[in-house]
Amino acid sequence: MSIDIGGMRIRYKDKDDTFLEKHLVSKEPFGQFKAWFDEACSRKEILEPNAMCLATVSKEGYPSARFVLCKGYGKDGYKFFTNYESRKALEMAENPNVAATFYWEVLNRSVRIEGFVEKLSEEESIRYFHSRPIPSQIAACASYQSMPITSRDILCEREKKLEADYMIPGKEVPKPSYWGGYIIRPRAIEFWQGQRDRLHDRIKFRKLKEEEIPDGELLHQGEDGWVYQRLSP
């Protein structure tokens with residue numbers, strides 16, 4: 001059975017609400033990201049503005065994508081935490097090149113990131129692990145992410161045992177050795193804003209290539225080694 005949903009579409013922004021180069025708050029991508037991210041955080045309709053879809057590729061070339069929560073960002077990159085034995089982690093160990101996408105439907109905006117990952121230090125991973133609620137720490141210990149199990153009862157039994165061991169005032173849940181953080185170091189960051197007439201705005205920041213010279217028309221000089229350009233929708 002084939003279901004036709006070709007008529008599904010929403011109204012984006014009007015033509016008087018375009019995203020032009022003169023609207024950039026920064027000539028490097030992280031300042032621009034902060035402006036958009038702060039606006040997304042201010043909208044109560046956006047429940048998890050830090051949710052990003054992380055795409056990885058295996059050494060065989062098979063892609064996979066899933067949502068993770070960004071737990072920090074800045075000029076060094078975008079941070080997230082996960083199980084080091086999960087599918088995503090195994091793929092990143094084989095191929096560190098990744099992509100990530102934020103999408104804020106209420107604002108008709110998206111940010112696409114392309115780059116490579118590196119592991120965060122064990123100290124930073126431990127620090128963040130213990131900042132999480134205790135039930136979340138226990139869940140990380142109970143789940144061997146991406147591994148097959150016979151039923152949910154297995155997880156519940158592990159959780160119950162860990163709760164008995166660690167839900168005690170003053171007792172610390174040890175961070176599992178197989179759990180920790182990554183940072184995405186971007187090579188390119190694209191800002192997309194949807195328009196009602198489908199002539200969407202796309203402004204992409206990327207690192208300047210060797211022997212490449214910005215001409216001020218198709219390629220503009222940015223800051224901190226970045227250049228930017230408008231892309232056709």
Side-chain angles (χ1 to χ4, degrees), residues 30 33 37 47-103 110-189:
F30 302 107
F33 178 84
F37 184 74
L47 301 181
E48 288 187 311
N50 61 328
M52 63 181 184
C53 185
L54 175 71
T56 57
V57 180
S58 69
K59 64 181 179 181
E60 296 84 11
Y62 294 105
S64 61
R66 78 290 291 159
F67 280 90
V68 299
L69 295 179
C70 177
K71 290 298 181 178
Y73 71 90
K75 291 190 175 183
D76 53 343
Y78 295 81
K79 299 178 182 179
F80 65 95
F81 295 82
T82 190
N83 187 307
Y84 287 149
E85 297 176 356
S86 63
R87 175 178 176 177
K88 71 177 85 63
L90 295 178
E91 290 182 346
M92 290 187 295
E94 296 172 341
N95 182 349
N97 295 303
V98 301
T101 302
F102 292 85
Y103 178 54
S110 177
V111 178
R112 297 173 58 196
I113 300 162
E114 300 172 26
F116 63 95
V117 291
E118 294 177 349
K119 279 187 177 181
L120 295 175
S121 69
E122 180 70 0
E123 292 74 20
E124 185 168 359
S125 292
I126 291 173
R127 187 165 59 250
Y128 173 70
F129 182 81
H130 290 304
S131 75
R132 307 174 84 205
I134 297 298
S136 296
Q137 296 181 39
I138 287 176
C141 297
S143 175
Y144 308 140
Q145 195 175 112
S146 300
M147 299 300 294
I149 54 175
T150 56
S151 71
R152 183 178 174 82
D153 292 341
I154 300 296
L155 293 176
C156 294
E157 290 170 8
R158 292 177 190 162
E159 182 183 49
K160 185 175 181 180
K161 183 179 185 306
L162 289 165
E163 286 176 343
D165 291 340
Y166 295 109
M167 292 292 280
I168 301 171
K171 192 165 186 181
E172 186 174 83
V173 181
K175 182 191 80 65
S177 60
Y178 52 79
W179 192 96
Y182 291 89
I183 183 168
I184 304 174
R185 302 205 182 273
R187 298 189 184 97
I189 301 179

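Position 1 is the first residue of the sequence, and the numbers go up from there. Worth knowing before you read on, the calculation uses all heavy atoms, side chains too, and leaves out hydrogens, waters and symmetry mates. A quick note: this is a predicted structure, and the numbers were derived from the prediction, not measured.
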Glu122 meets the salt bridge (Lys or Arg N to Asp or Glu O under 4.0 Å) criterion, sequence neighbours left out, with Lys175
Listed partners of Val57 passing side-chain contact (heavy atoms from CB on, under 4.5 Å), at least two apart:
Pro63, Asn95
Distance (rounded to the nearest 0.5 Å) between Leu155 CG and Lys160 NZ:
15.0 Å
Considering all heavy atoms, the nearest Ser143-Tyr178 contact
O-CE1, 4.2 Å
d(Ile126 CD1, Leu120 CG) to nearest 0.5 Å is 12.0 Å
Interatomic distance, OH@Tyr78 vs CE@Met52, rounded to 0.5 Å, equals 9.0 Å
So, does Ser86 use its side chain to make a donor-acceptor pair with the main chain of Ser146 at under 3.5 Å?
no
Rounded to the nearest 0.5 angstrom, the CZ-CD1 distance for Phe33 and Ile189 is 8.0 Å
Students often mix this up, so state it plainly: with edges at 30° and 60°, are the rings of Phe81 and Trp179 parallel, tilted or perpendicular?
parallel
Indicate whether any N or O donor in one side chain lies under 3.5 Å from an N or O acceptor in the other, for Arg66 and Thr56.
yes
Do you know the tightest heavy-atom contact between Ala140 and Phe129?
CB-CE1, 3.9 Å
Testing the basics here: between Pro174 and Cys141, what is the closest heavy-atom pair and its distance to 0.1 Å?
O-SG, 3.8 Å
Quick one: does NZ or CZ of Lys119 land under 6.0 Å from the six-membered ring centre of Tyr84, within 45 degrees of the ring axis?
yes
Stepwise side chain to side chain contact (heavy atoms under 4.5 Å, CB included) check, Asp165 with Lys161:
CA-CA 6 Å; Asp165 291 340; Lys161 183 179 185 306; 3.3 Å; yes
Working to the nearest 0.5 Å, report the span between CD1 of Ile113 and CG of Leu54.
10.0 Å
About how many Å separate NZ of Lys88 and CD of Gln145, when rounded to the nearest 0.5 Å?
4.0 Å
Are Tyr166 and Ile134 close enough, and set up right, to give a side chain to side chain contact (heavy atoms under 4.5 Å, CB included), and what steps lead you there?
CA-CA 9 Å; Tyr166 295 109; Ile134 297 298; 5.7 Å; no
Testing the basics here: between Gly77 and Pro186, what is the closest heavy-atom pair and its distance to 0.1 Å?
CA-CD, 3.9 Å
Sidechain-backbone polar pair: Gln137 side chain, Arg132 backbone, donor-acceptor under 3.5 Å
yes
Which heavy atom of Phe102 sits nearest to which heavy atom of Ala51, and what is that distance?
CD2-O, 3.5 Å
Can you name the nearest heavy-atom pair linking Ile183 to Asp76, along with the distance?
CD1-O, 3.5 Å
Kindly write out the residues that satisfy side-chain hydrogen bond (donor to acceptor under 3.5 Å, both in side chains) with Arg158, not counting sequence neighbours, or none if the list is empty.
none
Are Cys70 and Phe80 close enough that some pair of their side-chain heavy atoms sits under 4.5 Å apart?
no
Would you say that Glu118 contacts Pro96 through its side chain, given a criterion of any heavy-atom pair below 4.5 Å between the two side chains?
no
